[in-house]
Structure formats: C-alpha cells, structure tokens
Amino acid sequence: MMEQRIINELEQGKTSPFTQALLEHVKDLVELSRAEMNKHYLRWDTYDDVYRGYRYPDKADLEARKKEEPEKMGVPLAFAQISTFVAVCLTLYTQREDLVEVVPKGPEDELAAKLAEALIARDLHENQFVIKLKQFLTDIARFSLGIFKHTWSKEVETVRVTAPIVGSAMIPGSGYEERVRFLGNRIENISPYRFFPDVRVPLTRFQEGEFCASEDEYTITELKRQQRDGKIAGVKHIQGWSQDVLIDRLRKSRLFSQNVYDKGPVGQSKGTCVVTEAQVWLCPADFELADGKKLGEEDYPVLYVVTYANDETILRVEPMNYVHNKFTYDVAEFNPDQHTFINVSLSEIMDMLQMTISWFINSHITSVRRVIQNRLIIDPTGIEMEDLKQDRAYVRLNMSAAGGDVRRYVQQMQVTDVTTNHVRDAETLHELMMVVTGISENSLGQYASGRRSATEARNVNFNAASRLKTVAQTIYYQALEPMFNKLIANLRDGLDVETYVRLRGDASDPNEYGYFKVTRDMLVGNYDFGIFDATLPSEKGYIAQQIGELLQVMMSSPEAIPMFGYDPRKMLDRMFELRGLKHLQNMKLPQQPYANPGTPQAAGLNPATAGASAVPQQLAPQGNTFVPPMGS
C-alpha cells in the first residue's frame, strides 16, 4: 500500500512538482521503448494475418462474391503448423499431474518442498494457467514474443455469518464479515503490442534493464474501485485526450476502446483511459515531495512501480517490495538471439512460402473459372443474338444462315488450362515448408506414404519432435522456470494467512495425502525445481514397452531375478506410471508371505502392504528361497 504522504501528493494532480518530475522521468523511458517497439507492429499485423490465413479481398474477389463464385483465399497452413507447435509444447509441459515439480535437497526439506509444489499448483489452477499458457505459446509462434506478468494478490470477500471466526474482520452489527478468499500469485498475459522493455539491452537480458513497462485500457469505474481499495489515488485528475493527441497516440499504439467507444463531442474518451505501469529503478533521494522530504533516504537504485493514466496523471508510486527484486515480467522468444532485439517467429518463417502456395492455388481457381465459362465465337449475321443475351436453352439461326454449316456462325472457344501443375507445385512448397519449420507430417499426426516398420516409425517420430522439443525447452528455461522461482519467493514471503492446500501421495499415509494448513514459515527449506522432463508420450510408451518385455523375461525365469538386480514390483509400477496410470498404491493387495522360487511371490510380484512406507525390497538368496527384508 502507498504511504499517506504519497497519496496526498497524487491528489494534487499537476500542481505537484514531485509528480511532474517523476512523470517526466518515467514517461521518457517508456517513450524510448515505444519508439523502438512500434516499428514491429506492422510486421506483427502481417504475421497475425498469416496465422489466421486471412487475405484482403480485391476487386476481382468482390465481383466473384456478387456472382456467388469462389473468391481467392489464403491457405491457412501457418494455422496448422502453429497449432501443432502449441500442442506439442502443451503436451510436454502438462504431462505430469502437477505442471511444476519441486525437489527437496534433503529429507528434512521434503515436507516444505511438497507444500511449495502444492501451493504453486493451487495458484496455477486458480489462474487457469493452461489457457494462458496456450495464449503465451501462440504469441511466441506469431510474433516471436510471449510475455507473462505476475502480481501478489490478497482478495477478500464479505460473507454472512452467525458467529465470527477467529481472526476474521467482523463488520459491527451487520452479521457479515470479511475473510480472505485468495492469497497468492495472479498471472496474466501481456500483448507484445503493449509491452515496453528497455531496448538498450538485448531482450534475452531484459532483467538487466533500467525499466520494464506495459499498458492496458481501463474504465474509469474500475479505476475508482481500485482507488476505493487504496491501490491508486488521483483518479479525479484523469483527462481525456484531445482529437490531435489521440490520433498521434493511435499512430504509435494498438488501442481498442480509445477509437471505438465513449467519444465526447470533441473526440475525448469519457469512460476509458490508457493506464501504463512502469517498473523502474529509481534513486529515491533524487525526488523531493511537497513536505520537503525525499521519496526515500536511499541514494542507490530501488525498484519502484509507477502507474500513470493517459500519459498525464500519476496514480501510483511505491516500492515493489518483492523479495526476488526483479521485474514481474517474464519473456520468451521463439528463436532467442542476442544480436537481434526482436527475432524471427514461426509465422515470419512461413509468410512468403504460404503466400506463394496461396498464389498457386488461387491462380488455378481463377484459370478453372475461365475455362468452365461458356465463351463462344459468333457471327451475328447468322444467329439470333437475343437468344444468347437471354441465355436461352436454344440459339436460333436466322434466314440468311438457313441450310448452312452451323459451325460457321457459332463455335465454342477452345481454352487450355496452363495451371494444371500448380497444385503439384503447391504440394512441393508445402513439403519445403515442413523442412524449414521442422513440423512434418508425423508432428501433424499424419504418416507419409509408404510402409514402415515399428522401429522406423519410432525413429521418424523422435526425429520429427526433436526440433520442437528444443524450442519447448528453450521457452521453459527462458520464461517459465524463472517465473516459477519468483512465484515461490512470493509465497515464502507473503503467505501470512493460513491457507489450505492438498498434497498428493499415498492415500493411506497422512503425511503424504490430505489437506494441510500452510503458512510461510512452513515453506522454509532448501528445494529447487526438478529438471524439465522433455520426454514425449510416444517415447514414454516405448520405454514402458521395453520394461514390459524385460519383465516378461524375468517372470519366465524367476531364478534369474537376482542376476538382473531389479525389483519386478518397482518395474511394474514404473511401467504403468509411464502408461499414465496413477495412484497404483490404491490397487495393491496386502503383503503375502513369500513362497518357493517358482511362485510369483518369490519372484517379487506381491504388492506392498497398503499404507506402508515405500521401502525398496531387494531379494536376497538364502538356501532354496528368497527372503526380502521386512517393510518398515
């Protein structure tokens, strides 16, 4: 929350020298970025059309539309390729039950790691993260730039109660109380059109910049609600843009409400405004308030958040106070390269190829349209022209042509279609597109013609996915893992209210399964994210098949199990886990005594006792029987 003295300054509006000096400093930084970023907007518009397969109709298309004939089209190959890229990445990221895996450094950190993993899973579920992840990946494929932004949020709700709950804020005499509905991380997508990093450093190092900003459009009603909650101040000073200023701003930005809704008689926006949030490193000692005191005593940079509306009115000034001390934005590119600020996207790669393929298809359609038209060569002295003009089913010869050869007076024009090979050329270019992007028939779920063995098919699938897996891993380590680290840091610092989370594990083990009350003190420990698992489901199926074949060999000769040195029960569990079957412990029978080597029990296939801790059971030879150690 902002200090009261800052709120008092913001309530003065333009009369405050402090807000004017701060606005000029921050706005100059954002405009520095805007001047560079808006150079890419026209290109991004084109690549968005490529993704959607959209083309602008020309005069011939309008004429064809009137005649109810096919118009020229943009072949949406980019849509198929980008959709496949997004699907592969989503499959890799969401193949686990929880998207994020947290690994403890030691046994004493195990509970803290499980709680942190459960809290991250709760926050992602609350934010409908899979939907936002799809948007993020689609932006990367279209514009080569995907942006996430996170904030720490404490959301309260008013509920009717008969008796107050300990720790709740009871509203006197009303029978209602305020309680925390959600305390955690909020995640949102930021459009590349509205993102303004420090362009003086490569985008791969944007966290080293002096600032990072974004903008969005809000209604005045929403801003007044935020002011009521104490998040911003000075809403009454917001002024709409004049017509000239608005036109200039639209030339440099991609706004929606400002050129569509709520126009006053002089072109001012009455109900909406553009709010810019800048996270910027400031020296607080450089800015003095009206009371003669500095913004802060620090003469070194401190990360502040400064929010202003319509480029004229500051609404918020306060230190960010995140323990990670970084910008809350996370950025990934399709093809990161520090030598170019905005790099090539998947749509850009396919732009000219798709355009040429569309031209081949459209030229063929145009040619066919001309061929099937009934174009005639006529001699008007020998036929009744009115029959042709009325498009009648018959054409009469006049008296002068009676008894003569009809072909002298009317004959169909012979036209040769020179575009018969264009469809074949388009197919060749499509194959070239798949070579360039690495998204082939196998990635699209289609097999190329010709017979293949199972091994050949598996190798083709692996090679087809390898390039996409590389891109998916790069995106994960560019943006997702850094964001997850910051989300955990926020939880460890800001979770000051008890929160319920559900742990997954053995349903009969109360230490691994059930609901826990968690506070930030319980998250203290040494743990980190697990290595990103880039194994495709098809590869997991192959691994499970190999385990099954080995298990079959072991079961056919139980006496050879000690020689292999593998526990058949664990192999069976692992095989089903790779197949996607979870919570196998709920299906196991109580442990049975072991018999002679020729029985399944001696082969190590009897399940562990339900509710017992998972303890490795090694088979040790003792005479003619194998006796495993007792489970603890």
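No experiment lies behind these values; they were computed from the predicted model shown. Note: hydrogens, waters and symmetry copies are ignored here, and every other heavy atom, side chains too, is used.
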Residue pair T204, Q338: steps toward the side-chain hydrogen bond (donor to acceptor under 3.5 Å, both in side chains) verdict: CA-CA 6 Å; T204 53; Q338 65 177 351; 5.0 Å; no
side-chain contact (heavy atoms from CB on, under 4.5 Å) between I140 and L145, intermediate numbers included: CA-CA 4 Å; I140 290 176; L145 196 61; over 6 Å; no
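Take E549 and apply the salt bridge (charged side-chain N to carboxylate O under 4.0 Å, His left out) test, not counting sequence neighbours, and it matches no residue. Residues passing the side-chain hydrogen bond (donor to acceptor under 3.5 Å, both in side chains) test with N343 are E333, sequence neighbours excluded. In this view, E481 and Y476, Y477, N485, F529 satisfy the side chain to side chain contact (heavy atoms under 4.5 Å, CB included) rule, not counting sequence neighbours. Residues satisfying the side chain to side chain contact (heavy atoms under 4.5 Å, CB included) test with N325, not counting sequence neighbours, are W281, L303. For E126, the salt bridge (charged side-chain N to carboxylate O under 4.0 Å, His left out) partners are R181, R186, not counting sequence neighbours. Partners of D248 according to the salt bridge (charged side-chain N to carboxylate O under 4.0 Å, His left out) rule, which considers only residues two or more places apart in sequence or in another chain, are R251, K252. For S253, the side chain to side chain contact (heavy atoms under 4.5 Å, CB included) partners are R34, E215, R249, L255, not counting sequence neighbours. In this structure R43 satisfies the salt bridge (charged side-chain N to carboxylate O under 4.0 Å, His left out) test together with E348, sequence neighbours excluded. Every residue two or more places apart in sequence or in another chain that forms a ring-ring contact (aromatic ring centres under 6.0 Å, His included) with F85 is listed here: F334. In this structure, the side chain to side chain contact (heavy atoms under 4.5 Å, CB included) partners of E222, at least two apart in sequence or on a different chain, are Y218, T219, R225, Q226. When the ring-ring contact (aromatic ring centres under 6.0 Å, His included) test is applied to H125, no partner is found at least two apart in sequence or on another chain.
Summarising the geometry of A309 relative to C273, their closest heavy-atom pair is CB-SG, 4.2 Å, with the distance given to 0.1 Å. Between L119 and L491, the shortest heavy-atom contact is CB-CD1, 3.7 Å. Taking all atoms of both residues into account, the shortest heavy-atom contact from R254 to R194 is O-NH2, 3.3 Å. Nearest heavy atoms, D311 versus K27: O-NZ, 3.2 Å. Summarising the geometry of D330 relative to P482, their closest heavy-atom pair is OD1-CB, 3.8 Å, with the distance given to 0.1 Å. Contact record, G184 with R122: CA-NH2, 3.7 Å, taken as the closest heavy-atom pair.
For the pair R55 and D49, the salt-bridge criterion is not met [side-chain N within less than 4.0 Å of a carboxylate O]. No salt bridge links E427 with R424; every basic N to acidic carboxylate O contact stays at or beyond 4.0 Å.
In this structure, F195 and F206 have perpendicular ring planes: the angle between them is above 60°, well past the 30° mark. Classified by interplanar angle (parallel below 30°, tilted 30° to 60°, perpendicular above 60°), the ring pair F136/F148 is parallel.
Annotation: side chain of Y54 is not in contact with side chain of P76 (no heavy-atom distance under 4.5 Å). With a 4.5 Å cut-off on side-chain heavy atoms, F360 and L429 count as touching. Between I342 and K39, the closest side-chain pair of non-hydrogen atoms is not below 4.5 Å. For the pair L90/L133, a side-chain contact is recorded, criterion being any heavy-atom separation below 4.5 Å from C-beta on. Residues L203 and V331 are in side-chain contact: their nearest non-hydrogen atoms beyond the backbone lie under 4.5 Å apart. Between D123 and L487, every side-chain heavy-atom pair lies at or beyond the 4.5 Å cut-off. Annotation: side chain of I147 is not in contact with side chain of N189 (no heavy-atom distance under 4.5 Å).
For W152 and Y322, the ring centers are positioned 6.0 Å apart or more. Y193 has its ring centre less than 6.0 Å from the ring centre of F143.
Using a 3.5 Å distance cut-off with no hydrogens or angles, the side chains of E277 and S214 do not pair a donor with an acceptor. H150 and T328 share no side-chain donor-acceptor pair at under 3.5 Å.
Within the structure, every pair that satisfies the ring-ring contact (aromatic ring centres under 6.0 Å, His included) test and touches residues 61-81, not counting sequence neighbours, is listed here: Y51-F79.
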